[in-house]
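Report on one structure; see the data block that follows.
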Amino acid sequence: MVRALTTMIALAALSAGTWSFAQQTSPSSAVRSLPGGARWAAALPPKWHGTLLLYSRGYSPAAGVPDVAPKPLQQLLLDAGYALAGSDYGAGGWSLEEAVPAQRATIAAFARVYGKPTRVIAWGSSMGGLVTTALAEQPHPAVDGALPMCASIGGAVGMMNMALDGAYAFRTLVAPDAGIRLVGIDDDRVNSKRVADAVAIAMRTPQGRARTVLAGVLGGIPGWTSADKPQPASGDYELQADEIGRSFAMGVFLPRQDQERRTGGIFSWNTNVEYRAQLARSGRRPIVAALYRKAGLDLDADLARLALGERVAAEPRAVEYMMQHYTPNARPTVPLLAVQMIGDGLTSPSMQRGYVEAARGRDVRSAYVRGAGHCTFMPEVTLAAIRYLEARLSQRRWGKAPAIFVRYTPPPMLRPCVRGKTCN
């Protein structure tokens with residue numbers, strides 16, 4: 001299966017204090033330079049039918065080599081007649097500011113070298129899915145359609161605000177003395193090691209499990225996150241708690257160091273957030289209440305503690321940067337198909353729901369895959385999604401969704417933020 005293309009937010013798979021980034025793929029053609037300093041690469045099939053797939057990679061701490069597609073998919077897509085291209089963005093980290101112009105320049109460079117495509121479909125995973133969304137939302141798009149997959153489609157402000165809520169609840173109720181930092185982090189890896197250690201201890205007791213699940217629900221972590229485990233039954237709260245605990249450190253304490261460096265300050269906030277209302281809005285109070293009863297804890301008392309805790313305020317200039325680079329406006333100018341696993345513990349499925357709801361009335365479709373893990377789509381899922389979007393472009397209407405997708409509605413996005421509208 002395709003391994004996780006980490007986002008800015010998962011950035012890293014934390015295991016015993018170490019960070020593991022998504023695999024880089026090697027391009028299938030010579031690497032060329034773009035005017036702005038980024039590099040790009042392309043691969044052409046023996047018989048090209050005219051469609052170019054512009055791939056946007058996930059988060060990487062360094063620019064690396066240009067990716068034209070995840071390695072397990074390259075030959076499959078070439079055999080299907082697609083040309084492939086992508087850039088290294090010219091920068092690592094949360095490089096949305098550089099990525100969007102670099103990807104547009106890649107399309108132009110491809111056309112000069114290989115000929116103008118008849119159609120360009122932007123696609124990408126994790127943070128690359130947000131790059132793809134940004135390309136789709138431009139007033140004068142260089143692409144004809146967009147396929148964000150397992151995407152950070154909620155944008156940095158909304159996504160990181162929801163993560164902050166979960167992080168705030170965990171530190172306040174579970175590990176107030178563990179040295180965990182919520183913002184202003186000077187070393188993401190050190191901070192995440194503290195979190196992982198605290199989660200491991202908390203999950204050993206009914207009290208710690210209940211409070212970790214409350215924090216996970218507020219942070220948008222689903223009750224199924226492990227690709228190698230079956231989906232827990234809807235009423236099996238203990239197994240769901242295990243799943244939330246497995247992804248909690250990576251999915252809630254999202255690395256902020258690079259983002260705060262770019263913004264020049266703190267861009268997340270939880271001032272005026274009412275956590276009692278947030279829990280009710282999540283639709284997941286039953287699991288939290290059941291685990292609290294089993295642990296002999298008073299849920300109302302803990303919600304009162306959260307109400308009285310020290311909150312985090314954002315700096316307007318930092319928020320403005322993240323609004324521009326990149327908070328979606330939910331007004332794509334080309335057809336957009338968003339695809340997500342129902343059990344992604346790193347880019348919450350709730351973000352996709354939030355985007356589609358905000359984009360109501362636009363040419364947007366949402367599709368879900370019954371599976372868990374971050375960006376663990378089977379190759380046939382990606383190919384089916386591409387062909388579904390292609391059919392929309394050819395027929396000028398959405399047809400019946402492929403059978404590989406399932407009907408699913410995730411919990412609501414608890415901290416939606418759409419550029420041009422009020423952010424909760």
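Between the SG atom of C375 and the CG atom of D344 there is a distance of 6.0 Å, given to the nearest 0.5 Å. Atom CG of L84 and atom CG of L52 lie 8.0 Å apart (nearest 0.5 Å). Annotation: the span from L346 atom CG to H374 atom NE2 amounts to 5.5 Å, rounded to 0.5 Å. For the atom pair CZ (R365) and CZ (R392), the distance works out to 8.5 Å, reported to the nearest 0.5 Å. Expressed to the nearest 0.5 Å, how far CE of M351 lies from CG of L414 amounts to 12.0 Å. With rounding to the nearest 0.5 Å, the separation of OG in S348 from CD1 in I153 is 12.5 Å.
In this view, Q324 and E320 satisfy the side-chain hydrogen bond (donor to acceptor under 3.5 Å, both in side chains) rule, not counting sequence neighbours. Under the salt bridge (Lys or Arg N to Asp or Glu O under 4.0 Å) criterion, R293 pairs with no residue at all, not counting sequence neighbours. For Y168, the ring pair (Phe, Tyr, Trp, His ring centres under 6.0 Å) criterion is met by Y275, not counting sequence neighbours. Checked against side-chain hydrogen bond (donor to acceptor under 3.5 Å, both in side chains), Y326 has the following partners two or more places apart in sequence or in another chain: E137, R419.
E315 places a side-chain N or O within 3.5 Å of a backbone atom of I266 that can act as its donor or acceptor partner. At least one donor-acceptor pair under 3.5 Å links the side chain of E274 to the backbone N or O of R276. In this structure a side-chain-to-backbone donor-acceptor pair under 3.5 Å is present from T132 to G124. A donor-acceptor contact shorter than 3.5 Å links the side chain of R317 to the backbone of G264. Remark: side-chain polar atoms of Y89 are not paired, donor with acceptor, to backbone N or O of E97 under 3.5 angstrom. Put simply, the side chain of D88 never gets that close to the backbone of A38: no donor and acceptor are under 3.5 Å apart. With N191 contributing its side chain and R181 its backbone, the two residues share a donor-acceptor pair below 3.5 Å. Proximity of a side-chain donor or acceptor of T263 to a complementary backbone N or O of E260 within less than 3.5 Å is detected. Without hydrogens or angle criteria, R353 side chain to S366 main chain gives no donor-acceptor distance under 3.5 Å. Without hydrogens or angle criteria, Q257 side chain to I185 main chain gives no donor-acceptor distance under 3.5 Å.
Using a 4.5 Å cut-off on side-chain heavy atoms (C-beta onward), N161 and N270 make no contact. With contacts defined as side-chain heavy-atom distances shorter than 4.5 Å, the pair P349/I342 does not qualify. Contact check for S87 versus R39: no side-chain heavy atoms found under the 4.5 Å cut-off. The closest side-chain heavy-atom distance from D165 to V252 is not below 4.5 Å. Two residues are said to be in side-chain contact when any heavy atoms from C-beta on lie closer than 4.5 Å; P332 and V364 meet this criterion. The side-chain heavy atoms of L54 and F110, taken from C-beta on, include no pair separated by under 4.5 Å. Taking 4.5 Å as the limit, every side-chain heavy atom of S192 sits out of range of all side-chain heavy atoms of M250. Side-chain contact between L164 and R256 is present, with at least one heavy-atom pair separated by less than 4.5 Å.
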**Asked** Under the salt bridge (Lys or Arg N to Asp or Glu O under 4.0 Å) criterion, do R285 and D300 qualify, and how do the steps go?
**Response** CA-CA 12 Å; R285 186 181 175 106; D300 287 335; 3.8 Å; yes
**Item:** Candidate pair W94 and Y59, rule ring-ring contact (aromatic ring centres under 6.0 Å, His included), full reasoning
**Value:** CA-CA 7 Å; W94 183 251; Y59 180 96; 7.6 Å; no
**Request:** Begin with the C-alpha distance, continue with both residues' side-chain angles, and end with the deciding distance and a verdict on side chain to side chain contact (heavy atoms under 4.5 Å, CB included) for V199 and F170.
**Result:** CA-CA 9 Å; V199 170; F170 182 81; 3.6 Å; yes
**Message:** The test is salt bridge (Lys or Arg N to Asp or Glu O under 4.0 Å); show your working for D242 and R246 and say whether it passes.
**Reply:** CA-CA 6 Å; D242 289 339; R246 286 191 184 98; 5.0 Å; no
**Item:** Chi angles and distances behind the side chain to side chain contact (heavy atoms under 4.5 Å, CB included) call for T382, M149
**Value:** CA-CA 9 Å; T382 301; M149 303 184 72; 3.6 Å; yes
**Prompt:** Stepwise, does the salt bridge (Lys or Arg N to Asp or Glu O under 4.0 Å) test hold for D302 with R305?
**Reply:** CA-CA 5 Å; D302 272 3; R305 286 176 63 188; 3.6 Å; yes
**Request:** Start with the C-alpha distance between L389 and I121, add both sets of side-chain angles, then the distance that settles side chain to side chain contact (heavy atoms under 4.5 Å, CB included), and finish with yes or no.
**Result:** CA-CA 9 Å; L389 178 56; I121 293 177; 3.8 Å; yes
**Request:** Could you walk me through whether C423 and R415 pass the side chain to side chain contact (heavy atoms under 4.5 Å, CB included) test, one step at a time?
**Result:** CA-CA 7 Å; C423 294; R415 296 293 299 278; over 6 Å; no
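Annotation for A142 and I107: closest pair O-CD1, 3.7 Å, computed over non-hydrogen atoms. Taking every heavy atom of both residues into account, F248 and G166 meet most closely at CZ-O, 4.0 Å. For the residue pair L218 and A169, the shortest heavy atom distance occurs at CD1-CB, 3.9 Å. In this structure, A367 and L337 approach most closely via the heavy-atom pair CB-CD1, 4.2 Å. Listed here is the closest heavy atom pair of M160 and S268: CB-OG, 3.5 Å. Closest non-hydrogen pair, A289 versus L299, comes out as CA-CD2, 4.3 Å.
Using a 4.0 Å cut-off between a side-chain N of Lys or Arg and a carboxylate O of Asp or Glu, E310 and R171 do not qualify as a salt bridge.
The aromatic rings of Y368 and Y408 lie perpendicular to each other, with more than 60° between the two planes, well past the 30° mark. Under the 30°/60° scheme for interplanar angles, the aromatic rings of Y55 and W123 are found to be tilted.
Applying the side chain to side chain donor-acceptor pair (under 3.5 Å) test to residues at least two apart or on different chains, the pairs with a partner in residues 138-148 are R104-Q138.
Looking at Q207 and Y292, their side chains never bring a donor and an acceptor atom within 3.5 Å of each other. D363 and W398 form a side-chain donor-acceptor contact under 3.5 Å, judged by distance and modelled atom types alone. In this structure, a donor-acceptor pair under 3.5 Å is present between the side chains of Y82 and E390.
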Scan the side chains in residues 226-234 for donor-acceptor partners under 3.5 Å anywhere in the protein, sequence neighbours excluded, and list what turns up.
| from | atom 1 | to | atom 2 | distance (Å) |
| --- | --- | --- | --- | --- |
| S226 | OG | E243 | OE1 | 3.2 |
| S226 | OG | E243 | OE2 | 3.1 |
| Q231 | OE1 | R370 | NH1 | 3.0 |

